[in-house]
Amino acid sequence: MNISTDFDTNISYFHQVLDVQTNFDIVYHTLTIGGRRACIYFVDGFTKDEVLLRLLQDFSSIKPEDMPESAHDFSKQHVSYGETGLETEESQILIQLLSGLSCLFIDGYDKCITIDCRTYPARGVSEPEKDKVLRGSRDGFVETLIFNTALIRRRIRDVDFKVEIMQTGESSHTDIAICYMKKRVDGALLEKIKKRIENLRVDALSMNQESLAECLFPHKWFNPFPKFRFSERPDTAAASILEGNIVILVDNSPACMILPSSVFDIIEEADDYYFPPVTGTYLRLSRMTFSFLSLYLTPTWLLFMQNPRWIPDWLQFIRLADELYVPLIWQLLILEFAIDGLRLAAVNTPNMLTTPLSVIAGIVLGEYSVKSGWFNSETMLYMSFVTVANYSQASFEMGYALKFMRIILLVMTSLFNGWGFLFGSVLVVCAIVFNRTIAGKSYIYPLIPFSWSECRKRFFRGRLPHTEKSQKH
């Protein structure tokens with residue numbers, strides 16, 4: 001419904017809908033502009049006070065004979081601020097107001113003048129805790145959307161770089177920014193994503209990007225391997241955009257979502273490109289090796305312990321040195337669960353207590369659990385390696401995907417011995433091979449379909465790829 005030229009009707013409606021008597025942070029200010037009644041609404045805490053004060057001072061000096069006939073002319077002649085707009089629909093005015101814009105109503109005008117002099121509470125730009133690098137920039141995304149787009153645009157000064165804004169959520173009206181290079185992006189995928197966002201019917205994106213990700217890719221929830229790559233680094237986002245990918249930013253989230261993403265994209269890190277090619281290649285191959293070992297080390301050791309005759313002579317030292325009181329499968333599963341308990345405890349422990357509690361937990365769970373007979377020292381050793389190896393790659397989702405696959409391998413090996421190990425391995429391969437990116441392409445491209453030139457880029461860090469358009473996976 002559109003607003004009318006009757007000032008009293010408009011003010012009465014917005015007073016009632018906004019419930020200004022109850023909501024202390026919804027502020028309205030009545031004034032006279034050029035001999036006409038006027039009222040301005042804004043949200044306390046979302047408005048730059050100095051800008052609003054200057055505008056009110058300018059309005060008070062306008063004479064009746066200087067008042068133009070339309071709201072459009074008034075905004076051009078008397079609103080001395082860069083970001084202004086006109087709205088006629090009541091629903092859109094409410095959304096703009098609650099998003100932080102100041103809304104000005106003037107008697108005789110059938111349009112509301114919106115003034116974007118908002119400011120959001122925001123923390124300073126600093127290096128993200130999760131995506132740290134040994135060399136490179138130390139800035140990271142924050143919870144304010146406009147700051148995040150500015151961090152990317154600072155790195156891509158090209159008219160081909162586009163940032164489209166969309167909204168979703170019946171109650172939250174959450175802002176979503178889609179960033180891409182117009183001449184490099186997959187147009188079909190871009191339109192597919194935009195249509196999915198437009199067709200979302202949700203009340204709110206309560207969990208920010210995770211809520212959006214589950215709405216964009218609602219199928220195959222049982223496959224734990226991540227479909228999206230998340231990053232808190234603007235340089236990673238800019239590099240992905242230059243390679244033809246799409247980056248999605250959600251307001252109130254200090255991370256971006258990069259798509260389409262294959263398994264090789266997810267295990268990449270910024271340090272691969274901040275060091276020379278030889279060092280970058282070593283870091284990348286080491287990360288892949290540690291990920292593979294974290295998946296297969298304990299199941300393979302359990303298989304050998306169940307079949308001692310299969311152990312070659314040069315690996316005889318992996319045999320158990322002490323007497324076994326608790327079956328190995330239960331030791332491994334208990335440790336898998338206990339490690340998650342320690343991780344959750346570390347997240348919720350105050351910083352000042354993290355170090356002493358970690359020392360206590362290491363002594364009690366390490367030394368005394370072995371002495372008591374609950375665990376063998378070999379089990380503790382291999383699970384410790386697996387835990388450290390899980391942190392060799394940055395993706396939290398990938399780490400848990402490997403953990404779930406490892407548990408399946410352990411259980412299948414324990415129940416069916418060698419055939420169980422083989423069947424579990426086939427299940428892991430199928431979970432990866434039959435997975436698909438949001439674009440419907442292979443999750444393990446360039447292995448399937450095979451492309452030697454792209455394989456070389458994925459496994460060996462060569463020249464920085466941002467000088468030419470890369471192939472899509």
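Numbers here are sequence positions counted from 1.
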Are [X] and [Y] close enough that some pair of their side-chain heavy atoms sits under 4.5 Å apart?
| X | Y | value |
| --- | --- | --- |
| Tyr445 | Ser451 | yes |
| Phe74 | Phe59 | yes |
| Phe161 | Ile152 | yes |
| Val20 | Tyr41 | yes |
| Pro234 | Ser137 | no |
| Met288 | Phe459 | yes |
| Val428 | Ile408 | no |

Suppose the criterion is salt bridge (charged side-chain N to carboxylate O under 4.0 Å, His left out): which pairs have a residue in [range], not counting sequence neighbours?
| range | result |
| --- | --- |
| residues 425-435 | none |
| residues 94-103 | none |
| residues 146-159 | Asp139-Arg155 |

Restricting to salt bridge (charged side-chain N to carboxylate O under 4.0 Å, His left out), what partner residues turn up for Glu50, sequence neighbours left out?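 Partners of Glu50 under the salt bridge (charged side-chain N to carboxylate O under 4.0 Å, His left out) test: none.
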
Note: [X]-[Y] ion pair, threshold 4.0 Å (strictly below):
| X | Y | result |
| --- | --- | --- |
| Asp272 | Arg287 | yes |
| Glu269 | Arg284 | no |
| Glu198 | Lys195 | no |

Between Lys403 and Asp340, is a salt bridge (Lys or Arg N to Asp or Glu O under 4.0 Å) present by the stated rule, with each step listed? CA-CA 11 Å; Lys403 180 186 183 72; Asp340 279 334; 3.4 Å; yes

Centroid separation Phe46 to Phe42 less than 6.0 Å: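 When the ring centroids of Phe46 and Phe42 are compared, they turn out to be at least 6.0 Å apart.
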
Sequence neighbours left out, what passes side-chain contact (heavy atoms from CB on, under 4.5 Å) with Phe385? Give chain and number order.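 Partners of Phe385 by the side-chain contact (heavy atoms from CB on, under 4.5 Å) criterion, ordered by chain and then number, come out as Phe290, Leu293, Leu297, Ala389.
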
side-chain contact (heavy atoms from CB on, under 4.5 Å) between Arg406 and Thr298: does it pass, once the steps are laid out? CA-CA 8 Å; Arg406 183 171 63 248; Thr298 51; 3.4 Å; yes

Kindly list each side-chain donor-acceptor pair under 3.5 angstrom involving residues 83-99, sequence neighbours excluded, with atom names and distances?
from: Glu90; atom 1: OE1; to: Tyr13; atom 2: OH; distance (Å): 3.3
from: Ser99; atom 1: OG; to: Ile95; atom 2: O; distance (Å): 2.7

